[in-house]
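Order of the sequence lines sets the chain letters (A, B, ...), proteins ahead of strands, with each chain counted from 1.
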2 protein chains.
Amino acid sequence: MTKQRAAILKVMAENDGHFTAEEIFTKTKAVYPGIVRATIYNNLNALAQENQIRRICQSGQPDRFDRNPIPHEHIICTQCGEVVDVWIKDFKHKLQKELHLDVDDYELVIHCKCEKCKESIA
Amino acid sequence: MTKQRAAILKVMAENDGHFTAEEIFTKTKAVYPGIVRATIYNNLNALAQENQIRRICQSGQPDRFDRNPIPHEHIICTQCGEVVDVWIKDFKHKLQKELHLDVDDYELVIHCKCEKCKESIA
DNA sequence: CAAATTATTTAGAATGATTATAATAAATTT
DNA sequence: AAATTTATTATAATCATTCTAAATAATTTG
């Protein structure tokens with residue numbers, strides 16, 4: 001646990017959401033000015049591999065990182081583009097039952113209008 | 001429908017699987033030597049937008065394109081890395097019921113050992 | 001605790017997928 | 001067939017991410 005990694009984790013813990021490496025870089029640089037992009041990427045990769053954070057990928061966009069390591073699902077709003085958490089109860093278990101497979105991990109991204117956008121039009 | 005697009009679609013129809021733009025470029029170039037990468041990308045983007053093909057994204061890897069436009073699910077093998085189709089009956093409908101949402105589209109990628117790899121160890 | 005080893009960070013260049021631009025060619029409309 | 005739109009080509013550019021080598025920091029060992 002280096003100072004840099006601690007700073008990255010603190011930034012992610014304080015700001016709720018789904019960050020790009022660039023956003024984490026900017027925010028971490030504010031508290032740790034010497035830090036460099038490669039360090040951000042190294043740490044994010046390591047943290048994702050250790051399942052301390054989760055990676056979300058969208059084609060045409062930089063990866064995002066979710067500070068919440070517990071498997072869950074995501075909505076990407078078709079209107080505002082934001083990534084929103086959703087939780088489907090026992091999803092992994094349901095998948096295993098349905099497919100008769102030993103699921104190691106999964107990613108489910110749903111494209112629909114998010115709650116905020118639905119309300120804002122009403 | 002240009003000659004180039006027809007060639008791309010033919011290549012995708014003849015070879016079953018999940019291709020990268022580069023693979024499609026190489027295979028299409030064999031039958032249509034003048035073709036250029038930008039044309040491949042333009043057409044794949046257009047086809048994906050029209051839902052004639054589907055795009056699969058994996059972080060750290062180039063996008064893949066699935067010639068099968070009907071929504072379905074994917075396994076990425078934790079051993080060989082191949083992308084394999086799976087079909088979960090009424091998945092979209094189940095999602096909508098579970099989440100009380102109007103799902104426009106979704107992507108489900110499952111990480112586990114594929115059938116081929118499971119057998120090959122036995 | 002000092003020395004040695006190992007892992008991490010930095011700085012900067014490199015890579016690789018994808019897109020942008022401008023010019024040409026093809027397709028479609030009038 | 002001329003005019004307009006759309007797609008393709010050639011090439012350069014972009015952007016996210018990784019690589020390399022050197023420097024620094026952290027950890028382990030004597």
query: If each of A21(B) and K3(A) is mapped to the nucleotide of DNA chain C with the nearest heavy atom, which maps nearer the 5' terminus, i.e. the 5' end?
result: K3(A)

- request: Could you work out which one of dT10(C), dA16(D), dT19(C) sits closest to the side chain of N45(B)?
  value: dT19(C)

field: Spacing of L47(A) atom CG relative to dT8(C) atom P, expressed in whole Å
entry: 11 Å

task: Grab the CD1-C1' distance between I35(A) and dA11(C) for me, whole Å please.
output: 14 Å

- prompt: Rounded to whole angstroms, how far apart are CZ on R37(A) and P on dA11(C)?
  reply: 12 Å

- line: Testing dT8(D), dA27(C), dT17(D) for proximity to the side chain of T39(B), the answer is dT8(D)

message: Is it the case that the side chains of E107(A) and H74(A) hold a donor-acceptor pair, with the cut-off being a distance below 3.5 Å and no angle test?
response: no

query: Out of dT8(D), dT18(D), dT10(C), which has the shortest distance to the side chain of Q4(B)?
result: dT8(D)

field: Atom-to-atom span, CZ of R55(A) to P of dT18(D) - whole angstrom
entry: 7 Å

field: Protein-nucleotide distance (Y32(B), atom OH; dA7(D), atom C1'), rounded to Å
entry: 11 Å

- request: Among the candidates dA26(D), dT8(D), dT10(C), find the nucleotide nearest to the side-chain atoms of N42(B).
  value: dT8(D)

- prompt: Going by atom types alone, do N45(B) and R55(B) pair a side-chain donor with an acceptor below 3.5 Å?
  reply: yes

field: Residue D63(A), side-chain atoms from C-beta onward, closest of dA27(C), dT17(D), dT18(D)
entry: dT17(D)

message: Tell me whether the rings of H18(A) and H72(A) are parallel (<30°), tilted (30 to 60°) or perpendicular (>60°).
response: tilted

message: What is the distance, to the nearest angstrom, from the CZ atom on F65(B) to the C1' atom on dA17(C)?
response: 11 Å

message: Need one value for F25(B): base, sugar-phosphate or nothing, where a base atom within 4.0 Å counts as base even if backbone is also close, heavy atoms only.
response: nothing

statement: Taking for G60(B) and for T2(B) the nucleotide of DNA chain D with the nearest heavy atom, the one nearer the 5' end belongs to T2(B)

query: Could you give the CD-to-C1' distance, from E50(B) to dT6(D), as a whole number of Å?
result: 13 Å

task: Rounded to the nearest angstrom, tell me the gap between atom CE in M1(A) and atom P in dT9(C).
output: 11 Å

- request: Side chain of Y41(A) only, please: which of dT19(C), dT9(D), dA16(D) is the nearest?
  value: dA16(D)

- line: Closest to the side chain of A38(B), out of dT9(D), dT18(D), dT10(C), is dT9(D)

message: Could you check whether any side-chain heavy atom of I24(A) comes within less than 4.5 Å of a side-chain heavy atom of M12(A), counting everything from C-beta outward?
response: yes

message: With rounding to the nearest 0.5 angstrom, report the CZ to NZ distance, R37(B) to K29(B).
response: 8.0 Å

